[in-house]
Amino acid sequence: MSSNLSIDKRRRTYVRLIGSIQNALNRALREEHAMRNLTQQEMADLLHKSKSFISRKMNGTSNMTLETLADLAFALDRTVEVDLRPRHLLSGQNAGNIYNKIPKPQPIGDTSKSVKVENWGPA
Amino acid sequence: MATIEQLAQQNVLRKHEADLEHWEMPDRCIYLTEVFECWFDAVLKPHPKFRDRNVSPWDQVEQLFYEFVSGKPMAYDVHLKKLEPLTQFIWEFKMPDVRVFGWFAKKGHFVATFGEFKNNLATRKLYKPFIDHAIWIRDQLPLDPPKHIVQTRMIDVL
């Protein structure tokens with residue numbers, strides 16, 4: 001037997017959008033933290049907000065305006081890309097979760113570039 | 001004794017069918033106990049959004065289950081966390097307003113035993129009863145040994 005906790009398609013589009021924004025923000029912060037030790041406190045200082053404000057926005061626990069999203073992107077030194085893709089052209093897209101983490105092939109004999117495979121979470 | 005797939009066929013557990021898009025394939029599995037489903041339908045589903053939240057508790061659970069099943073990256077202590085005592089191998093799924101308890105029967109296969117609102121857990125210190133409940137359910141299930149993953153890292157369970 002199987003169980004389906006599904007929601008209607010209109011609602012699902014909104015919930016998926018919120019989830020993807022939250023995941024993108026947290027992924028960006030993890031990357032910036034790894035690269036230059038950026039913290040939520042530093043983001044808060046840049047935006048003249050409290051750390052709890054940043055934390056609430058980053059973990060998706062409170063409503064967020066487009067202006068706040070842009071502010072968070074600014075604090076992360078990132079840009080925001082918006083892409084509305086036709087649903088019927090998206091076959092096989094969740095394979096991208098795996099395949100976009102595989103490094104591009106390097107020229108044979110070229111050892112000057114390090115190969116980095118992204119980790120999905122702390123070990 | 002039986003595999004987890006056989007337990008789902010026997011209706012002892014229910015396999016969660018995540019609300020995937022038509023172009024997505026399931027990458028991981030969630031199995032629900034009857035008690036979890038009852039809690040979901042009776043308590044979680046009708047619960048309104050908490051103040052200042054984007055989405056309802058139900059939406060939060062549905063979204064995280066979707067991300068898990070569709071193979072999205074999961075971060076430790078953001079989406080998933082192993083609970084103390086670590087020797088019991090009970091994990092929680094973390095959402096802004098909800099916690100879901102259970103264990104990994106095998107890599108990528110989570111058994112959800114119960115859920116609770118985060119506020120109730122924080123104020124009533126309810127973690128232990130939910131951990132004990134998950135262990136009790138696991139002990140009762142006629143699941144082939146080993147009944148759970150004993151490793152502690154995300155890469156071991158996902």
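Lettering follows sequence order; numbering is per chain, from 1. These numbers were taken from a predicted model, which means no experiment stands behind them.
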Within 6.0 Å of CZ in A/Arg10, more than 12 heavy atoms from elsewhere | no

Going from CD on A/Gln22 to CD on B/Glu67, what distance comes out if it is rounded to the nearest 0.5 angstrom?
-> 7.0 Å

Point-to-point distance, once rounded to the nearest 0.5 Å, from CG of B/Asn54 to CE of A/Met64 = 7.0 Å

Do other residues, nucleotides or ligands put more than 12 heavy atoms under 6.0 Å from A/Glu67 CD?
-> no

Electrostatic pair A/Arg12:B/Glu21 at N-O distance under 4.0 angstrom | yes

Closest non-hydrogen atom pair between B/Ser56 and A/Arg11, with its separation | N-NH2, 4.0 Å

Roughly how far apart are A/Asn23 CG and B/His79 NE2, rounded to 0.5 Å?
-> 4.5 Å

For A/Phe74, does the CZ atom sit with more than 12 other heavy atoms under 6.0 Å from it, leaving out its own atoms?
-> no

For B/Lys107, does the NZ atom have more than 12 heavy-atom neighbours from other residues, nucleotides or ligands under 6.0 Å away?
-> yes

Part of A/Arg16 within contact of chain B (heavy atom distance under 4.5 Å) | both

Return the option, out of A/Ile18, A/Asn26, A/Val15, with the maximum number of heavy-atom pairs under 4.5 Å with chain B.
-> A/Val15

Cluster check B/Trp136, B/Leu7: I/L/V/M/F/W/Y, side chain < 4.5 angstrom = yes

Flag yes if more than 12 heavy atoms outside B/Gln151 fall under 6.0 Å of its CD atom; otherwise flag no.
-> yes

